[in-house]
Amino acid sequence: MENKILVETSARHIHLTREAVEVLYGAGAELTVKKMLSQPGQFATGNEKITLVGPKGSLAVSVLGPTRPANQVELSFSDARALGISGVPVRESGDVANTPGVKLVGPCGELTIDSGVIIAKRHIHMRPEEAEALGVTNGQIVKVRINSARSLIFDDVVCRVSDKFALAMHIDTDECNAACAFGEIYGEIVD
């Protein structure tokens with residue numbers, strides 16, 4: 001297997017619980033699919049948007065589906081600063097314990113979550129056979145070189161291995177801008 005990994009930019013978004021969907025969009029509301037994402041079963045919603053309200057400001061965010069067991073807001077450091085939320089940790093998806101909260105405003109209601117705001121740790125999704133071909137294991141930390149107009153090496157990239165994944169590296173918008181990782185861009189594991 002060639003050491004060439006698609007790099008995708010994950011802009012600010014939120015994952016909601018079933019209960020949060022009903023509070024924000026009304027009883028019986030369902031998330032609608034606008035487009036499927038690269039990771040199997042994941043989708044960007046159609047008309048559903050949420051406004052995050054922090055101490056300094058507000059930002060509109062996209063909602064991703066399907067629903068999850070816990071509400072999770074994924075921001076960049078720039079987004080967190082714009083909202084005035086301090087102490088937002090870099091975490092792997094799903095690790096929301098002891099994280100800041102934020103107010104969520106939807107078309108039918110509001111909800112303040114006590115925790116769930118993170119900056120997603122840069123990571124590579126891959127299937128077991130891809131991990132084997134790349135010589136990495138689940139949870140391993142690697143370095144990835146991005147070749148672009150502002151090429152750089154991202155350190156501290158976690159490998160996430162599951163037969164439910166598709167091969168792709170995810171970075172946030174701050175990281176994308178730093179690397180000029182616009183359009184179709186690839187990275188390679190260098191260490």
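- Using a 4.0 Å cut-off between a side-chain N of Lys or Arg and a carboxylate O of Asp or Glu, R12 and D79 qualify as a salt bridge.
- In this structure, the side chain of N138 engages the main chain of V161 through a donor-acceptor pair within 3.5 Å.
- Taking a 6.0 Å sphere around CD of E132, one finds it holds 12 or fewer heavy atoms contributed by other residues, nucleotides or ligands.
- A salt bridge is absent between R122 and D156; no separation between the charged side-chain nitrogens and carboxylate oxygens falls under 4.0 Å.
- Between the N71 side chain and the T17 main chain, a donor and an acceptor come within less than 3.5 Å of each other.
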Quiz: residues 92-101 side-chain donor-acceptor pairs under 3.5 angstrom, not counting sequence neighbours:
residue: S93; atom: OG; partner: R68; partner atom: NH1; Å: 3.1
residue: S93; atom: OG; partner: Q72; partner atom: NE2; Å: 3.0
residue: D95; atom: OD1; partner: R91; partner atom: NH1; Å: 3.3
residue: T99; atom: OG1; partner: V96; partner atom: O; Å: 2.6
residue: T99; atom: OG1; partner: G116; partner atom: N; Å: 2.7

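- Applying the ring pair (Phe, Tyr, Trp, His ring centres under 6.0 Å) test to H170 and every residue at least two apart in sequence or in another chain returns H123, H125.
- A side-chain donor-acceptor contact under 3.5 Å links S78 and D174.
- Within the model, atoms CZ of F43 and CG of L37 stand 9.0 Å from one another, a figure rounded to the nearest 0.5 Å.
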Side-chain donor-acceptor pairs under 3.5 Å in residues 49-59, sequence neighbours left out?
residue: K49; atom: NZ; partner: S62; partner atom: OG; Å: 3.2
residue: K56; atom: NZ; partner: R81; partner atom: O; Å: 3.4

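- Residues K103 and E110 are paired through a salt bridge, judged by an N-O separation under 4.0 Å between the basic side chain and the carboxylate.
- A donor-acceptor pair under 3.5 Å links the side-chain atoms of N3 to the main chain of I189, judged by distance alone.
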